[in-house]
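A note on names: the letters A, B, ... follow the listed sequences, proteins ahead of strands, and every chain is numbered from 1.
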Amino acid sequence: MSILDVLKERGYIEQFSHEEEIKELLDKEKVTFYIGFDPTADSLHVGHFIQLMVMSYLQKAGHRPIVLIGGGTAMVGDPSGKTDMRKMLSKEDITYNVECIKKQMEKFIDFSEGKAILVNNAEWLLNLNYIDFLRDIGVHFSVNRMLTAECFKLRLEKGLSFLEFNYMLMQAYDFLELNRRYGCKLEVGGNDQWSNILAGVDLIRRKEGKEAYGMTITLLTNSEGKKMGKTEKGALWLDPNKTSPYEFYQYWRNVNDADVEKCLRLLTFLPMEEVRKLSSLKDKEINEAKKILAFEVTKLVHGEEEAKKAQEAAEALFGGSGDLSNVPTIKISSNLIGQKLLDVLVEAKVIPSKSEGKRLIQQGGLYINNEKVSSFDEVLKEEMFKEGFMLVRKGKKSYNKIELE
RNA sequence: GGAGCGGUACCCAAGUGGCCAAAGGGGGCAGACUGUAAAUCUGUUGGCAGACGCCUUCGGUGGUUCGAAUCCACCCCGCUCCA
């Protein structure tokens, strides 16, 4: 089966610049392709993960990925599909983010023996000469055409600065540069990158007289069309310090029934046969599929050991069996014994404020060792730490294990 | 540079001198129902306080007033039209 067919079957691909040619290219040659990642935060998130999956598939099929870190483009900010200008990042933040993201990449892509390349576009963007760039690259862009591009649509209603308007040229220039340096012929990206990718394809044709190609990857949305991978705290990060493996596992364990198939297809390497089998399960049965989904995704992102721990913790908490040793734990000082429970929980950041805590108690949503807390005046007692820990539950799903130190 | 409009809580958005911790919706949280799902229904949603009440908040800084999100002055930011 052609690699492109594999990607299509799993539902990764949204658009092609030239479908036939790309298929032929990928079947016949070892293709150098690139995906860009702007360092807008100090960690990648699930949205990036899908792209890494595609990259990984292509790499396994014998093609050569270029991971382009957008240390230069992040200075400008991509307006595509955004309603507001994003806040400008300082140079220091960008440098820091680049380093963080670089480290994460190595977990997903094999960079050994030149099997993949990692570059930062700051290398060629930061020292560009404005006039030279305009004369060399700017001439090839029609403002009239840019204005009709889908990616600016929202911003033309709400306002778009010249700074961000330039983003497209910079991304197009990246593609050209990679084409020149490494013979990169294909740019892949999220579907919101379509206009930017086409701009690069066109630029290479004009400057080099060569054909270049682009394709876009579906964005991870749920059955209601909303972006997935968001939690109350923001994105679902790949960095275990920002989103713990347990939280990560739980997110996938709790996806809607209707989204199970899509997630299995896009976020795991399970064979399609199995994906279909699992997602055809109904009612309670589909929980089994969700467990597998959660385990597999967590395994890919955090490794098998962490995935097992997360799974064990979940089983212990929700299945009522097994030991709780892998449940995320907070340590507090033992001299807090005798203090008001609410104060302690605020201190331990289990609860954001005392008002919030009182509300929880009032509504019957706070439990210590599975016993409902009914009084605001409850005090932290030694006896609460059976077997060395206390289990705090907020509502139905949020657990924290607290230990003394 | 000129003219007009606007900046309200996590987001959208009402409020134009006291009844405003601020309508409504979204989101979040909790409860019921369930399958650790969705949908639905109910409650809740600044902080401190068991009620009273106190403190901080309506772009910023000053001012008017017994009293300001609301009036005045200056400033900052955004949008639209003109140049």
I'd like to know if [X] and [Y] make a salt bridge, using a cut-off of under 4.0 Å between side-chain N and carboxylate O.
X	Y	result
A/Lys282	A/Asp257	no
A/Glu305	A/Lys308	no
A/Lys309	A/Glu312	no

Roughly how many Å apart are [M] and [N], using the [atom1] atom of each and rounding to a whole number?
N	M	atom1	answer
B/A68	B/U61	P	15 Å
B/C19	B/U34	P	45 Å
B/C5	B/C10	P	29 Å
B/U57	B/A22	P	16 Å
B/A9	B/A69	P	14 Å
B/C41	B/G47	C1'	31 Å
B/U42	B/C77	C1'	42 Å
B/G53	B/C58	C1'	23 Å

Does [X] reach a base, just sugar-phosphate, or nothing at all? Heavy atoms under 4.0 Å.
X	result
A/Arg359	sugar-phosphate
A/Lys354	sugar-phosphate
A/Asn287	base
A/Ala258	nothing
A/Glu285	nothing
A/Ile286	base
A/Asp377	base
A/Val260	nothing

My understanding is that a pair needs two contacts under 3.5 Å, Watson-Crick or G-U wobble. By that rule, which nucleotide pairs with [N]?
N	result
B/A3	B/U80
B/A9	none
B/G35	none
B/U61	B/A73
B/A22	none
B/G43	B/C29

Whether [X] contacts [N] is assessed here as follows: a side-chain N or O lying under 4.0 Å from the phosphate OP1 or OP2. Is that the case?
X	N	result
A/Lys284	B/U34	no
A/Lys358	B/A49	yes
A/Lys291	B/U36	no
A/Lys396	B/A32	yes

For A/Glu211, does the CD atom have more than 12 heavy-atom neighbours from other residues, nucleotides or ligands under 6.0 Å away?
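Atom CD in A/Glu211 is packed in, count exceeds 12.
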Okay, side chain of A/Lys401, backbone of A/Leu324: is any donor-acceptor separation there less than 3.5 Å?
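The answer is yes, because a donor-acceptor pair under 3.5 Å joins these two groups.
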Apply side chain to side chain contact (heavy atoms under 4.5 Å, CB included) to the pair A/Asp27 and A/Leu4, showing each step before the final yes or no.
CA-CA 8 Å; A/Asp27 287 346; A/Leu4 200 61; 5.7 Å; no
Nearest-Å distance, [atom1] ([X]) to [atom2] ([N])?
X	N	atom1	atom2	value
A/Asn256	B/G35	CG	P	17 Å
A/Asp257	B/U34	CG	P	16 Å
A/Ile361	B/G31	CD1	C1'	15 Å
A/Asp259	B/A39	CG	C1'	14 Å
A/Tyr249	B/U36	OH	C1'	10 Å
A/Asn254	B/U34	CG	C1'	13 Å
A/Leu160	B/U80	CG	P	11 Å
A/Ile351	B/G28	CD1	P	20 Å

Does A/Lys340 or A/Leu360 map to a spot on RNA chain B nearer the 5' end, using the closest nucleotide for each?
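In this pair, the answer is A/Leu360.
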Which residue lies more 5' along RNA chain B, comparing A/Leu156 with A/Val346 via nearest heavy atoms:
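Per heavy-atom nearest nucleotide, the more 5' residue is A/Val346.
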Given [options], identify the nucleotide with an atom nearest to the side chain of [X].
X	options	value
A/Ala314	B/U36, B/C29, B/C33	B/U36
A/Asp283	B/C48, B/A37, B/G35	B/G35
A/Gln250	B/U36, B/A38, B/C48	B/U36
A/Glu356	B/G47, B/U36, B/G50	B/G47

Base of B/G43 paired with side chain of A/Gln363 (donor-acceptor, under 3.5 Å):
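Answer yes: a donor N or O sits under 3.5 Å from an acceptor.
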Anything under 30° is parallel, anything over 60° is perpendicular, the rest tilted; go ahead and classify A/Phe165 against A/Phe162.
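Tilted: the ring planes of A/Phe165 and A/Phe162 meet at 30° to 60°.
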Examine A/Tyr213 together with A/Phe16 and report whether their ring centres are nearer than 6.0 Å.
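No: the rings miss the under 6.0 Å criterion.
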Between A/Phe37 and A/His48, is the ring centroid distance below 6.0 Å?
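A/Phe37 vs A/His48: aromatic centres under 6.0 Å.
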